[in-house]
A.B. asks: 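I have a structure here, written as structure tokens, and I will follow up with some questions on it.
Not measured: the values here are computed from a predicted model.
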Amino acid sequence: HARRPSFLPAHAATRSHTQAKMSAEKGAKIFKTKCSQCHTVGAGEAHKQGPNLNGLFGRQSGQAEGYSYTDANKNSGITWGEDTLFDYLLAPKKYIPGTKMVFAGLKKEKERKDLIAYLKEATA
């Protein structure tokens, strides 16, 4: 029977499954290295090559005010949430054929979950 290392708080072993699976802190690093060249997340921040992602969750694709989307994105009918983002971030061009997003995708499930955890906080 392995003992919990003394430097871990008592509640560390009982963290919820979701918390253990998703880290907004790690997601922030992924966003900075892979997304921030083209996207912003703060309210009122400018669009870059890609749209500002503020208010992303629950919004239909292609709807950020003042950004020029492809018809493919505008007409996809996708509502952004954890599930749709998880699939989209694997392979954007497969998920929305005709999108102008040039990002190849995040193949690692953990990276996608961490990024989504970050986006939930940063875009709210």
A.B. asks: Using side-chain heavy atoms (C-beta onward) and a distance below 4.5 Å, is His39 in contact with Met101?
C.D. replies: yes
A.B. asks: Does any N or O in the side chain of Arg112 come within less than 3.5 Å of the main-chain N or O of Leu85, such that one atom is a donor and the other an acceptor?
C.D. replies: no
A.B. asks: What distance separates Glu45 CD from Asn54 CG, expressed to the nearest 0.5 Å?
C.D. replies: 8.0 Å
A.B. asks: Does atom NZ of Lys107 have more than 12 heavy-atom neighbours from other groups under 6.0 Å away?
C.D. replies: yes
A.B. asks: Are the side chain of Lys113 and the backbone of Gly27 linked by a donor-acceptor contact shorter than 3.5 Å?
C.D. replies: no
A.B. asks: Search all heavy atoms of Pro97 against all heavy atoms of Ala72 and return the closest pair with its distance.
C.D. replies: O-CB, 3.2 Å
A.B. asks: Using modelled atom types only, decide if a donor and an acceptor are shared between the side chain of Asp114 and the backbone of Ala24 within a distance under 3.5 Å.
C.D. replies: no
A.B. asks: Of all heavy-atom pairs between Ala124 and Lys120, which one has the smallest distance, and what is that distance?
C.D. replies: CB-O, 3.4 Å
A.B. asks: Just wondering, more than 12 heavy atoms not from Lys32 lying within 6.0 Å of its NZ?
C.D. replies: no
A.B. asks: Quick one: do Val41 and Leu89 end up in the same hydrophobic cluster if we chain Ile, Leu, Val, Met, Phe, Trp and Tyr together by side-chain heavy atoms under 4.5 Å apart?
C.D. replies: yes
A.B. asks: Is Lys94 atom NZ crowded by more than 12 heavy atoms from other residues, nucleotides or ligands, each under 6.0 Å away?
C.D. replies: no
A.B. asks: Check whether Lys93 reaches the backbone of Ala104 with its side chain - one donor and one acceptor, N or O, closer than 3.5 Å.
C.D. replies: no
A.B. asks: Are the side chains of Ile116 and Phe57 in touch, meaning some heavy atoms are under 4.5 Å apart?
C.D. replies: yes
A.B. asks: Side-chain heavy atoms nearer than 4.5 Å, only ILVMFWY residues, links allowed to pass through others: does that put Phe31 and Phe103 together?
C.D. replies: yes
A.B. asks: Please evaluate residues Tyr69 and Thr99 with respect to the criterion side-chain contact (heavy atoms from CB on, under 4.5 Å), reporting the C-alpha separation (whole Å), side-chain torsions for both, the decisive distance (0.1 Å), and the verdict.
C.D. replies: CA-CA 8 Å; Tyr69 289 94; Thr99 183; over 6 Å; no
A.B. asks: Checking the side chain of Tyr67 only, and the main-chain atoms of Gln49 only, is there a donor and an acceptor separated by less than 3.5 Å?
C.D. replies: yes
A.B. asks: If we only count heavy atoms from C-beta on, is the Lys100 to Ser68 side-chain gap below 4.5 Å?
C.D. replies: yes
A.B. asks: In Å and rounded to the nearest 0.5 Å, what is the NZ to CD1 distance from Lys110 to Ile30?
C.D. replies: 8.0 Å
A.B. asks: Verify, without hydrogens or angle tests, whether Ser61 (side chain) and Asn73 (backbone) share a donor-acceptor contact under 3.5 angstrom.
C.D. replies: yes
A.B. asks: Is the distance between the ring centroids of Phe86 and Tyr88 under 6.0 Å?
C.D. replies: no
A.B. asks: Can you confirm whether Leu119 sits close enough to Leu53 that some side-chain heavy atom of one is under 4.5 Å from a side-chain heavy atom of the other?
C.D. replies: yes
A.B. asks: For Gln60 and Gln63, which heavy atoms make the closest approach, and how far apart are they?
C.D. replies: O-CG, 3.0 Å
A.B. asks: Tyr118 versus Thr123: any side-chain heavy-atom pair under 4.5 Å?
C.D. replies: no
A.B. asks: Give the C-alpha distance, both sets of side-chain angles, the deciding distance and a yes or no for side-chain contact (heavy atoms from CB on, under 4.5 Å) between Leu106 and Leu115.
C.D. replies: CA-CA 10 Å; Leu106 290 171; Leu115 179 57; 3.6 Å; yes
A.B. asks: Ignoring hydrogens and geometry beyond distance, is a side-chain donor-acceptor pair present between Asn52 and Thr40 at under 3.5 Å?
C.D. replies: yes
A.B. asks: Looking at NZ of Lys74 and CD1 of Ile96, how far apart are the two atoms once the value is rounded to the nearest 0.5 Å?
C.D. replies: 13.0 Å
A.B. asks: What I want to find out is whether Glu111 reaches Lys26 closely enough, with some N-O distance under 4.0 Å, to be called a salt bridge.
C.D. replies: no
A.B. asks: Should Thr84 and Thr79 count as side-chain neighbours, where that means a heavy-atom distance under 4.5 Å?
C.D. replies: no
A.B. asks: Do you know which two heavy atoms are closest between Ala64 and His47, and how far apart they sit?
C.D. replies: CB-CE1, 4.0 Å
